[in-house]
Amino acid sequence: MALKLGAYTACLHDRTLPEALDILKENGLTSVEVNTGGFIPSPHCPVDLLLSSATAREEYLEAFADRGMELTGLNCNGNPLNPLPGVGPKHADDLRRTIRLAGMLGVKHVVTMSGTPGSDPDAKYPSWVVNPWDGVYMDVLDYQWGVAVEFWKEIDALARENDVRVAVEMHPHNLVFSPVTLKRLVDEGGLTNVGAEMDPSHLMWQGMDVVACIKWLGPLVFHAAAKDAVLCPGADIRGVLDTSFTRVPADAPGKVPTGYGFWCNAWPENPAWKFVAVGLGNDVPFWTEFLRALAEIDPGMAVNIEHEDAAYSRTEGLALAAKNLHSAAAAF
């Protein structure tokens, strides 16, 4: 069995699902991941309709099968532990609904993030502790891990009930942002159906050895993203924990929502790091080793391109990433 190479269709949100699938097919990709809620809308997955209609689910899956493609993941990235009433509860509900839908569709993997609670029971905003050298932050982390473990026990049970595995993207600004924190969540919760989505880009800019991370996690790696990152000259003075972002106006076109009344900020002009198309931050031989390490865990794992390189259009960047990913796969 060979790795399933594909793409996450969020970068093609301005196309219909059939149009997006045709673009993937043109690039030799057969695995597909679609968004179902959380931070961003779900133009390629009518969640309510699919939850309510077996006929709609059959017709939906036919759109993939007719093109020789497979729906390998539902993506519901968000912050389900956010104390803001317009964010956390909605993202948590989106995740539960996504797990139920995955079970109905026969899709085995749901991708999401662990989330970040507030610092204490009365906190209004989420609080991400990066370096708890000050003892007070150990109290914050103790509280946050208590909240997270209880939530993820519930999610794990729901996933098990629906024969689904939840793959957590190890993303900074989340309680789980590294292999060590991912394993802590699994171990403290006694989780059976929660593991890692191996998105290497966020590990890259934190300075981790991606292949070593894959081997260390082993069978806890359920699903993967092909997404590259590169450190920039700005890292010389900013470091990788830079906070020099600026606000995007509320009336700006194309702003990316993160919750009611909140959206993504603008990056600094001279960033410490940035996302690039697969092969531009790390060369094809690196990606061959990446794929080889994943195949040793599960030779049929889905590896879906996530295109977020602002230097290329949605289709150009996807095509470049697909070309380099295919070259990497051909080398092992």
Side-chain angles (χ1 to χ4, degrees), residues 8-17 19-20 33-48 74-98 111-120 122-130 144 169 171-175 177 199 201-202 205 227 229 232 234 238-276 306-318:
Y8 175 36
T9 65
C11 65
L12 300 172
H13 64 84
D14 59 335
R15 271 78 165 179
T16 64
L17 177 62
E19 290 169 341
E33 185 176 323
V34 299
N35 201 73
T36 54
F39 286 134
I40 61 177
S42 56
H44 297 154
C45 187
V47 176
D48 290 337
L74 302 183
N75 191 304
C76 191
N77 274 329
N79 184 354
L81 304 180
N82 193 320
L84 283 166
V87 183
K90 179 186 183 301
H91 290 185
D93 185 57
D94 285 349
L95 177 56
R96 294 183 187 99
R97 285 156 45 85
T98 295
V111 178
T112 190
M113 296 174 185
S114 71
T116 308
S119 60
D120 59 84
D122 298 320
K124 181 178 179 180
Y125 300 106
S127 178
W128 184 44
V129 177
V130 180
Q144 291 182 320
E169 181 178 345
H171 193 302
H173 206 267
N174 283 265
L175 199 59
F177 62 94
D199 180 334
S201 64
H202 300 290
W205 66 261
K227 187 177 175 188
C232 304
R238 298 182 186 280
V240 298
L241 299 178
D242 182 41
T243 59
S244 304
F245 289 64
T246 54
R247 294 183 183 275
V248 172
D251 58 354
K255 65 181 185 295
V256 179
T258 60
Y260 295 121
F262 296 92
W263 46 89
C264 285
N265 294 316
W267 287 54
E269 292 184 7
N270 181 30
W273 59 273
K274 63 181 179 180
F275 297 126
V276 293
E306 185 174 359
H307 168 50
E308 290 188 6
D309 188 336
Y312 292 87
S313 74
R314 292 163 185 162
T315 53
E316 290 172 337
L318 183 60

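Every ring pair (Phe, Tyr, Trp, His ring centres under 6.0 Å) that F245 has, sequence neighbours left out, goes to W267.
Side-chain atoms of V47 and R97, non-hydrogen and from C-beta on, do get closer than 4.5 Å to each other. Counting only heavy atoms from C-beta outward, the side chains of L81 and T116 never approach each other to under 4.5 Å. No side-chain heavy atom of L12 sits less than 4.5 Å from a side-chain heavy atom of H307. For the pair V130 and L241, the minimum side-chain heavy-atom distance is below 4.5 Å. Side-chain contact between N270 and R238 is present, with heavy atoms from C-beta onward closer than 4.5 Å. A heavy-atom distance below 4.5 Å is found between the side chains of P83 and P126. Here the side chains of K274 and W205 are not in contact, with every heavy-atom distance at 4.5 Å or above. Using a 4.5 Å heavy-atom cutoff, the side chains of H202 and K227 are in contact.
When all heavy atoms of T16 and E19 are compared, the closest pair comes out as N-OE1, 3.0 Å. Contact detail for N82 and P89: the closest heavy-atom pair is O-CD, 4.2 Å. Of all heavy-atom pairs spanning F39 and G78, the tightest one is CE1-CA, 3.4 Å. Shortest non-hydrogen contact noted between A250 and W263 is CA-CZ2, 3.3 Å. The minimum heavy-atom distance between V240 and W273, with the atom names listed, is O-NE1, 4.0 Å. The two residues S244 and P268 make their nearest non-hydrogen contact at O-CB, 3.3 Å.
Side-chain atoms of Q144 come within 3.5 Å of backbone N or O of S127 as a donor-acceptor pair. In terms of modelled atom types and a separation under 3.5 Å, the side chain of N174 and the main chain of H171 share a donor-acceptor contact. Side-chain atoms of D94 do not come within 3.5 Å of backbone N or O of R96 as any donor-acceptor pair. No donor-acceptor pair under 3.5 Å is formed between the side chain of D309 and the backbone N or O of G317.
Remark: K90 NZ to L95 CG distance equals 11.5 Å, nearest 0.5 Å. Separating the SG atom in C45 from the CG atom in N75 is a distance of 11.0 Å, to the nearest 0.5 Å. The structure places SG of C76 at 8.0 Å from NE2 of H91, a figure rounded to the nearest 0.5 Å. Interatomic distance, H173 NE2 to T258 OG1, rounded to the nearest 0.5 Å: 9.5 Å.
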Practice task
Given side-chain contact (heavy atoms from CB on, under 4.5 Å), test L74 with E33 step by step and report yes or no.
Solution key: CA-CA 6 Å; L74 302 183; E33 185 176 323; over 6 Å; no
Handout entry: I40 and H13: CA distance, side-chain angles, deciding distance, side-chain contact (heavy atoms from CB on, under 4.5 Å) verdict
Key = CA-CA 10 Å; I40 61 177; H13 64 84; over 6 Å; no
Problem - Stepwise side-chain contact (heavy atoms from CB on, under 4.5 Å) check, E169 with S114 - result: CA-CA 8 Å; E169 181 178 345; S114 71; over 6 Å; no
Practice task
Tell me, with the steps shown, if R15 and T315 meet side-chain contact (heavy atoms from CB on, under 4.5 Å).
Solution key: CA-CA 11 Å; R15 271 78 165 179; T315 53; 3.4 Å; yes
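Two rings, from W128 and F177, have their centers less than 6.0 Å apart.
Within the structure, side chain to side chain donor-acceptor pair (under 3.5 Å) contacts touching residues 35-46 (residues at least two apart or in different chains) are Y8-N35, T9-H44, T36-T98.
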